[in-house]
Amino acid sequence: MLDINILRSNPSSIQENLKKRDFLFDVEVFNKLDAERKKNQIDTESLQEKSNKIAKEIASEKDPDLKKNKLKEASQISSQLKESKIKLDSSKLHLNNFLLEIPNIISEDVPVGKSENENSVIYEKGHKNLFNFEVKDHQEIGKLLDGMNFEESVKISKSRFVILKNEIAKLHRALIQYMLNLHTKNGYEELYVPYLVNSESLKGTGQLPKFEEDLFKISNDNMYLIPTAEVPVTNIHRNEILNSEDLPINYVAHTPCFRSEAGSYGKDTKGMIRQHQFDKIELVKFVHPEDAESELEKLTLDAESILENLSLPYRKVILCSGDTGFASTKTYDLEVWFPSQDSYREISSCSHFSDFQSRRMKIRIKQSKANIFCHTINGSGLAVGRTLAAILENNQNENGSVKIPEVLIDYMDGSKELILPR
RNA sequence: GGAGAGGUGGCUGAGUGGUUGAAAGCGCUCCCCUGCUAAGGGAGUAUGUGGUAAUCCUGCAUCGAGGGUUCGAAUCCCUCCCUCUCCGCCA
C-alpha cells in the first residue's frame with residue numbers, strides 16, 4: 001500500500017512512475033474517493049462530537065424538563081450519526097479497496113520495460129560444462145536413477161506433483177540442511193512456521209486481495225496454504241513497533257510452498273520446474289529504510305553464495321519495471337543454467353518492498369518523534385526443487401549418473417555420486 | 001470435542017452504564033534536591049486517523065475482534081478469536 005499523503009500531494013509523480021508498470025493510477029477517481037471520504041469523515045466526527053457533548057450534559061442535568069428535551073435532541077443526533085457512519089464506512093471501504101489494488105512504485109534504478117524480455121543481465125557466473133554427449137533433462141535422469149516419479153504422484157494427487165525416492169530424495173533433504181546451515185552461519189535466525197495462514201497475513205504481504213486465484217484455500221476453514229514462507233515469516237511482526245537497535249532482523253525458514261499455478265497451463269508441464277508443491281528456503285529482512293538498498297544487495301549475495309558453493313552456473317538479472325512484482329520496488333532474479341533447455345531459469349527472486357508491506361502490516365520503527373514504517377526485503381535462498389533439478393542436469397555424466405557437489409558430500413553420508421541402480 | 005474461568009496501556013493490576021484514554025504500582029524519560037552511592041520531591045510517558053504548512057493547537061477512534069441495546073458502553077446482549085484449568089481424543 002502506498003502512502004496516501006504522497007498520493008494526495010504528488011499524484012502526477014506517482015502516476016508517471018506507475019506507468020512504467022503499465023498501471024494506470026486514476027487520479028480523478030482517487031480524488032473523488034478521497035474527497036468523499038473526507039466529507040463523510042468530517043460530518044460524522046462533528047456529529048459524534050455533538051453527541052458526546054450532549055450525553056455528558058444529560059448526565060449532569062437535574063431539571064427533569066430540560067433533561068427530557070435534551071434526551072429528545074440526543075436521540076435525533078444519534079440517528080443522524082448512525083446514517084452518517086454508514087456513509088463513512090462505505091466511502092472508507094471504497095477508498096481502501098482502491099488503494100489495495102495499487103502496486104508499489106518502481107525504484108529509480110530499475111530499467112523500464114514491458115516484459116521479462118527486457119530484464120537486464122547484471123553478470124554471469126560459474127562455468128557451464130561442455131558436454132561431449134547429448135544432455136538429458138532432469139526428469140529423465142531422475143527416472144534413470146529411480147529417484148523421481150511423476151506418474152504415481154498423479155494417481156495419489158494430480159499433475160504438477162512429484163514423488164522423490166532414494167538418493168534423490170536424500171539429496172533434496174541434504175540441500176535443505178545445507179542451505180539452512182549456511183544461512184544461519186551468515187546471521188539469519190532459523191524459524192519453523194505455520195504452513196496454513198489466515199487471510200489477514202496474505203493481505204499483509206500483498207497476495208490478497210488481488211491474487212486469490214494463485215492460492216490454495218482450505219475449504220472448511222478460512223485458511224490458505226502458504227505460497228511462500230514470506231507470508232508467515234513477514235507477518236510475525238505485523239502490528240508491531242520495532243526498536244531500531246534491533247534492526248536489521250534477519251530470518252531464514254524452510255517451508256513447502258503451494259501454488260495453484262492458475263494461468264500457466266501450458267508452461268513447464270514436464271519436470272520439477274513448476275509444481276503445485278515445492279520446498280523453498282526463504283530469507284526475510286526487516287530493515288531501517290536507510291539501510292534497505294545495501295541490505296538487498298547483501299541478501300542477494302547470501303542467496304548467490306549457495307549457487308557459488310554448489311558450483312552451479314548462474315546469472316544475476318534485474319527485473320524491468322513491467323516484470324517487477326506487485327509489492328516490490330526493485331527485484332533481482334537469480335537464474336540457474338539448465339543445459340537441457342539451453343537457458344537460464346529463475347531460482348531465486350530477491351525483492352525490496354520498501355514500506356509497501358510494512359504499511360499494510362503496520363510494522364513500524366520506534367522513533368523519538370513520529371514512528372516510521374520499516375522496510376522489508378526477502379528472497380529465496382533457494383528454491384530446493386529447482387536447485388535439485390539444476391544439479392542433476394549440470395553434474396550429469398553420459399550414462400545418467402550424477403556428481404554430487406563437494407559441499408553436499410558430508411550431507412550425503414560420504415557419497416560422491418548418484419549411481420544408476422543395477 | 002465437553003465443562004468452567006478469563007482477555008484492560010511497556011508490564012502488574014483497579015474499574016459492572018455517565019469528566020475513565022482509562023486509578024494505583026512497577027518500569028522508562030526529563031528536572032530538582034542530596035559532595036559518591038542509596039533514598040527523596042516534581043513533571044512527563046500509548047496508537048491510529050482527521051482539521052492544518054505544522055513535532056503548536058484541536059476533533060474523533062481504540063480496554064481481544066466484529067455486531068447490537070442506549071442520549072451515553074471497558075462495563076449489558078449476541079457472534080467469533082485467543083489464553084488458562086479439568087475431562088475426552090490424538091501425532
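Note on naming: letters A, B, ... go to the chains in the order of the sequence lines (proteins, then strands), and numbering restarts at 1 for each one.
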For nucleotides B:C63 and B:G48, find the distance between their C1' atoms and express it as a whole number of Å.
15 Å
Salt bridge (Lys or Arg N to Asp or Glu O under 4.0 Å) pairs, two or more places apart, involving residues 79-94 of chain A
none
To the nearest Å, how far apart are A:Ile372 CD1 and B:U55 P?
16 Å
Taking the P atom in each of B:A91 and B:C82, what is the distance between them to the nearest angstrom?
23 Å
Partners meeting salt bridge (Lys or Arg N to Asp or Glu O under 4.0 Å) with A:Glu308 (sequence neighbours left out):
A:Lys125
Determine the Euclidean distance between corresponding P atoms of B:C86 and B:G59; express it in Å to zero decimal places.
50 Å
Tell me which one of A:His237, A:Glu189, A:Glu190 satisfies side-chain hydrogen bond (donor to acceptor under 3.5 Å, both in side chains) with A:Tyr251.
A:His237
For the ring pair A:Phe356 and A:Phe326, is the centre-to-centre distance below 6.0 Å?
yes
Sugar-phosphate, base or nothing in reach of A:Arg8, heavy atoms under 4.0 Å
sugar-phosphate
Is the side chain of A:Ser401 donor-acceptor paired with the backbone N or O of A:Ile419 at a distance under 3.5 Å, no angle test?
no
Which whole number of Å gives the distance between the C1' atom of B:U62 and that of B:C56?
24 Å
What integer number of Å spans the P atoms of B:G25 and B:A14?
15 Å
Can you list the residues that meet the ring pair (Phe, Tyr, Trp, His ring centres under 6.0 Å) rule with A:His276, with sequence neighbours excluded?
A:Phe161, A:Phe216
Whole-angstrom distance between B:A22 and B:C32, as gauged at atom C1':
30 Å
Between B:U49 (P) and A:Asp34 (CG): distance, integer Å:
13 Å
Under the ring pair (Phe, Tyr, Trp, His ring centres under 6.0 Å) test, residues paired with A:His138 that sit two or more places apart:
none
Reading 5' to 3' through nucleotides 58-72 of chain B, protein heavy-atom contacts under 4.0 Å coded B for base, S for sugar-phosphate only, - for none:
-BSS-------S-BS
What's the gap between B:C33 and B:U37 when it is taken at their P atoms, as a whole Å value?
14 Å
Can you tell me how far P in B:C11 sits from the matching atom in B:C60, rounded to whole Å?
27 Å
Please list all pairs meeting ring pair (Phe, Tyr, Trp, His ring centres under 6.0 Å) that have one or both residues in residues 44-76 of chain A, counting only residues at least two apart or in different chains.
none
Between P on B:U49 and CG on A:Leu7, what's the gap in Å once rounded to a whole number?
14 Å
Once you round it to whole Å, what is the distance between P of B:U52 and CD1 of A:Ile42?
7 Å
Qualifying side chain to side chain donor-acceptor pair (under 3.5 Å) pairs, either residue in residues 167-176 of chain A, two or more places apart
A:Lys170-A:Asp413
Over all strands shown, is A:Lys362 touching base, sugar-phosphate only, or nothing at heavy-atom distances under 4.0 angstrom?
nothing
Salt bridge (Lys or Arg N to Asp or Glu O under 4.0 Å) filter on A:Arg21, not counting sequence neighbours, yields none
Would you kindly compare A:Arg37 and A:Arg364 by the position of their nearest RNA chain B nucleotide and give the one closer to the 5′ end?
A:Arg364
Reading RNA chain B 5' to 3', how would its secondary structure be written in dot-bracket notation, given Watson-Crick and G-U pairs with both distances under 3.5 Å, brackets [ ] for crossing pairs and | for partners on other strands?
((((((((.[[[..)..(.....]]]((((((.......))))))((((((.....)))))).[[[[[..)....]]]]])))))))....
Give the rounded distance in Å between these two atoms: CG of A:Asn40 and P of B:U49.
19 Å
